[in-house]
Amino acid sequence: METYFLRLQRGAIVDSHRERNTLAVLTRSTNDILGSLNKPQQEAVTHEGSPLLVLAGAGSGKTRVLTHRIAYWIASGRVEPWQVLAVTFTNKAAREMKRRLEGLIGPDAQSMHVGTFHRMCLLWLRREVAKIDRGPNFSIFDESDQNSLVKKLLAQMGFQKDPDVSPARCLQWISGRKNRLIGPGEPVEEEDSFDRNVINELYPKYQESLRNANALDFDDLIRGAVELFRKDSNTRDKYSRRYCHILVDEYQDTNYAQAELVRLLAGDGENLCVVGDEDQSIFGWRGAEIRNVLEFGDAFSNMTVIRLEENYRSKQKILDAANSVIRNNRQRLGKDLWAARGAGGEVHLETCRSDLEEASRVVGEIRQCCADGDISFREIAILYRTHSQSRLFEDELRRNRVPYVVIGGRKFYDRKEIKVAIAYLKILVNPSDSIALARILNVPNRGIGQRSLEALNAHADHRSLTLFGALDEAGDVPGLTSRAKNAVVAFVGMIEGLQEDSHTLPVAELVNEVLDRSGYWSYLEKEGTREARDRLANLEEFVSAATEYDESDSEEKSLANFLQELALLTGVDLAPEEEGSVNLMTVHNAKGLEFPVVFLVGIEDGLLPHINSSETEKEYEEERRLCYVAMTRAMDRLYLTWAQRRSLFGSIRERDPSPFLFELPDEIIESGREEADFEDSPDEPASDSSGKEMDFRVGDLVRHGKFGMGTILYTSGKGDKLKVSVKFDGDGRRRDLVVKYAPLERV
DNA sequence: AGCTAAAATGTTTTT
DNA sequence: CATTTTAGCT
């Protein structure tokens, strides 16, 4: 609150200071700002007076448009920096945007509000905490906290052994409802009746537990902000008046709740600019609705649309390949990118015999690229669908002494020792956080085992206390051994002592104190194993992270704030910024990035598209977009690889190429076909049980009952599973057919 | 209570 | 295959 007003005042001072000497600066800088942009980009930057939807294809310079639009509006005196709200999808993108804005408009950029939806909502909820249903030091539950809680609740409901009711699935349903702003008590019509019944019971309990723990989950941050603005129009007005200039990046990845939040703040949307690309929507599984882009005009009726289709990143050949894949999606407005950088570029399709060969060929190619001299390691990325694919590449890179970084995966903060340290800290600021408390109550061992915990929990339930409240009454808890009682009393004393210190000590020192007095330091030191030594080292690193926070100049420094910020960090944010290393990451993590050389690996049926998301057309198209996003990361060279055999779940499986590969331009498919060493290509005509002739080869002319004449571009599988990709003369389209079922005949 | 070893289980993507 | 859960033992 105070800072908000301080900012208002500071803004006013800057304002009057500006009056006198802006004119000269102004004309020069607005020209500068527009000079480097193309026509539609300029339009997007200068557009004024109606809600603006920028449909920005991959590599079309959308971050440029966003930053320049902000800079232009500031330079031309329409808004002050502190009136700007820019929402991005990742913290990393926010940091990058801030950096660029500082370059454009100088230190004034500091006063802009640039961050993710979650980060911004956290900021508002903290400032208006008196108006929400939580105490000031609320915890933010991460995925594992949510998991522990749901597990506990499901056990209470008698579902602990039911394989159909996994905590993860339940959480997904709850999250789905929250993202659509459906409260715990509201009726829901969903087809899956079994799930519906469980969730209808679970959701209110879950929400009540969060409340009792003085905690919010990720989705609650958004929902909480929406509720705040809906309920209290004064607060809403305060913020919507403040943010005279609202920009939202990656709009195709926003969910219903986030879109509603934008609507609440932007009002009629006159000062709203959203940037999105329906072809790059890859977070549908998290509740993102492409609809927000496709139906932007419904929410903001007088909107203006500007399309950016000039791609500054990739050479034409790469775009051709990417375009020819994405063209097969039906859920799109439709656009074709063209390369400002002109013709050229390389696209290679490589068929590998095994996943091991895939790794060694990719690494071999990387060494080749870098030995030839014109490419450095940091300009190369290996992209995959799932984290688990990284291992083979890591091994192979290490063997070849090629430096690499794996980006994403939250590994550091997921480590047990770090979670323990964080759980201790959480309890100091928010003793109601029973999930954190249960996690460390007996770490290191102090003789309060499972049975004692159960007794304490039961007592807490019975007397409507938090778990910590029950600890306080240890003496009255039935079923607690006297040894456990003593241990609990000592524990409570320790926590209370630490709580006192938490008001005075900086975070880093407090962490030290916590680890010291809890006995965790000495417990690990006594262990003496290599594992324990690793843990100690990780904790040291955690302490230095805390030191960094203490020394940073963020405005509302406190332990609670430190913990809340920590909760919003992701693997991408934590990636070591190592220059000179090959980059390994999932396609999802690669969004927004670009590399001169890209290897997209594991393009197999079941992996990309992933087996769990190819049921519905909606899911399948999202997988295709994933493929598209990956391909459009490449600037000069794109390698597409797949393996005919891959070890999965511990056993080696035969693999089919991804259907998306058949959608590539013919010459790329041909090149992949030439390189392939098909051990299983049939030497003699095979036939299935019905005796139908099954001899189909690449290049064969075929006739189809419905589609007419066509040419075989690719074959895969064998016997009953023989599939062919046929390009039909009639409409020039390519279709994948299973020979056994298709009315197909060789000519 | 707590440790170790064996068994089961689950594996997509992330703010 | 790798992580988590459980059973059996001390």
Side-chain angles (χ1 to χ4, degrees), chain A residues 87-94 115-122 140-144 146-148 151 160-161 163 166-169 171-172 175 178-179 216-223 250 253-255 257-258 281-288 355 383-392 407-410 413-414 416 442-454 480-481 483-484 487 527 564-574 585-591 602 606-614 619 622-623 625-627 629-630 646-653:
Chain A
V87 186
T88 58
F89 192 66
T90 61
N91 295 302
K92 194 183 174 193
T116 61
F117 271 105
H118 292 85
R119 187 69 193 73
M120 295 318 305
C121 288
L122 173 61
I140 297 175
F141 272 16
D142 67 14
E143 209 182 305
S144 76
Q146 291 177 292
N147 237 304
S148 310
K151 238 182 240 171
Q160 69 264 58
K161 276 268 179 259
S166 75
R169 254 187 94 190
L171 278 166
Q172 225 180 328
S175 172
K178 287 188 174 181
N179 289 336
L216 298 172
D217 65 17
F218 287 130
D219 302 319
D220 284 341
L221 291 173
I222 313 291
R223 225 168 54 100
E250 310 277 19
D253 286 324
T254 54
N255 60 36
Q258 290 164 333
S281 162
I282 55 175
F283 287 92
W285 50 274
R286 218 176 71 190
D355 46 359
L383 308 182
Y384 35 75
R385 175 68 230 267
T386 66
H387 280 300
S388 59
Q389 286 167 262
S390 77
R391 262 202 43 172
L392 287 177
I407 291 163
R410 276 196 75 119
Y413 286 87
D414 277 341
K416 199 158 73 190
N442 201 30
V443 180
N445 298 330
R446 45 174 74 90
I448 313 171
Q450 209 183 326
R451 288 193 85 93
S452 310
L453 179 60
E454 272 164 25
L480 219 53
T481 62
R483 221 180 97 195
E527 280 293 284
Q564 290 171 345
E565 305 228 324
L566 222 53
L568 297 185
L569 290 182
T570 69
V572 179
D573 300 316
L574 301 161
M585 67 192 95
T586 62
V587 179
H588 285 93
N589 272 329
K591 181 143 165 219
L607 206 47
L608 183 68
H610 195 274
I611 185 140
N612 296 349
S613 351
S614 28
E619 287 174 328
E622 179 152 316
E623 295 292 307
R625 289 193 290 271
L626 220 36
C627 188
V629 167
R646 175 176 300 273
S647 89
L648 282 169
F649 304 97
S651 67
I652 293 172
R653 312 271 175 101

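Side chains are part of it too, since the values below use all heavy atoms of this structure and drop only hydrogens, waters and symmetry mates. So that the names make sense, note that chain A is the first sequence line, chain B the second, and so on, each numbered from 1. In this text, all values refer to a predicted model and were calculated from it rather than measured experimentally.
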Just N and O in the side chain of [X]: are any of them under 4.0 Å from OP1 or OP2 of [N]?
X	N	answer
His387(A)	dT14(B)	yes
Asn589(A)	dT14(B)	yes
Ser452(A)	dA1(B)	yes
Asn612(A)	dT13(B)	no
Thr586(A)	dT14(B)	yes
Lys151(A)	dT5(C)	yes

Requested in this report: Would you write the dot-bracket representation of DNA chain B, where each base gets (, ), [, ], | or . depending on whether it forms a Watson-Crick or G-U pair under 3.5 Å and with which partner?
Outcome: ||||||||||.....
Report task. May I ask whether His610(A) stacks on the base of dT12(B), given the cut-offs of 5.5 Å between ring centres and 30° between planes? Result -> yes
**Report entry** Aro-ring/base stack Trp285(A)-dT12(B), d under 5.5 Å, angle under 30°
**Finding:** no
Nearest whole Å is fine: how far is [N] [atom2] from [X] [atom1]?
X	N	atom1	atom2	answer
Asn445(A)	dC3(B)	CG	P	4 Å
Leu569(A)	dT15(B)	CG	P	10 Å
Asn442(A)	dC3(B)	CG	P	8 Å
Asn91(A)	dT14(B)	CG	C1'	12 Å
Arg391(A)	dT11(B)	CZ	C1'	14 Å
Phe141(A)	dT15(B)	CZ	P	20 Å
Met585(A)	dT14(B)	CE	C1'	15 Å
Gln258(A)	dT14(B)	CD	C1'	12 Å

Query - Candidate nucleotides dT12(B), dT15(B), dT14(B), ranked by approach to the side chain of His588(A) - the nearest - result: dT14(B)
Requested in this report: Look at all strands and tell whether Phe117(A) reaches a base, only sugar-phosphate, or nothing, counting heavy atoms closer than 4.0 Å.
Outcome: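 No contact at all - Phe117(A) keeps every heavy atom at 4.0 Å or more from the nucleic acid.
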Query raised in the report: NA contact type, Arg119(A), heavy-atom cut-off 4.0 Å: base, sugar-phosphate, or nothing?
Result: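 No contact at all - Arg119(A) keeps every heavy atom at 4.0 Å or more from the nucleic acid.
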Query raised in the report: Are Phe89(A) and Phe283(A) close enough that their ring centres sit under 6.0 Å apart?
Result: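 For Phe89(A) and Phe283(A), the ring centres are under 6.0 Å apart.
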When rounded to the nearest 0.5 angstrom, what is the spacing between [atom1] in [X] and [atom2] in [Y]?
X	Y	atom1	atom2	answer
Leu221(A)	Lys178(A)	CG	NZ	9.5 Å
Leu568(A)	Ile140(A)	CG	CD1	4.5 Å
Asp355(A)	Arg646(A)	CG	CZ	5.0 Å

Query - Distance between P atoms of dT6(C) and dT11(B) (Å, rounded) - result: 15 Å
Query raised in the report: If you take atom types as modelled and just measure distance, does the side chain of Ser613(A) reach the base of dT12(B) with a donor-acceptor pair under 3.5 Å?
Result: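 Yes.
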Report task. Map Ala168(A) and Asp219(A) onto DNA chain B by nearest heavy atom, then report which one ends up closer to the 5' terminus. Result -> Ala168(A)
Report summary line: Between Ser388(A) and Ala484(A), the residue closer to the 5' end of DNA chain B by nearest nucleotide is Ala484(A)
Query raised in the report: Does atom CZ of Arg451(A) have more than 12 heavy-atom neighbours, drawn from other residues, nucleotides or ligands, at distances under 6.0 Å?
Result: no
Query - Residues in salt bridge (charged side-chain N to carboxylate O under 4.0 Å, His left out) contact with Asp219(A), at least two apart in sequence or another chain - result: none
Query raised in the report: Regarding Ser175(A) and Gln172(A), is there a side-chain donor-to-acceptor distance under 3.5 Å anywhere?
Result: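 Judged by distance alone, the side chains do not pair up.
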Query raised in the report: side chain to side chain contact (heavy atoms under 4.5 Å, CB included) between Asn589(A) and His387(A): does it pass, once the steps are laid out?
Result: CA-CA 10 Å; Asn589(A) 272 329; His387(A) 280 300; 4.2 Å; yes
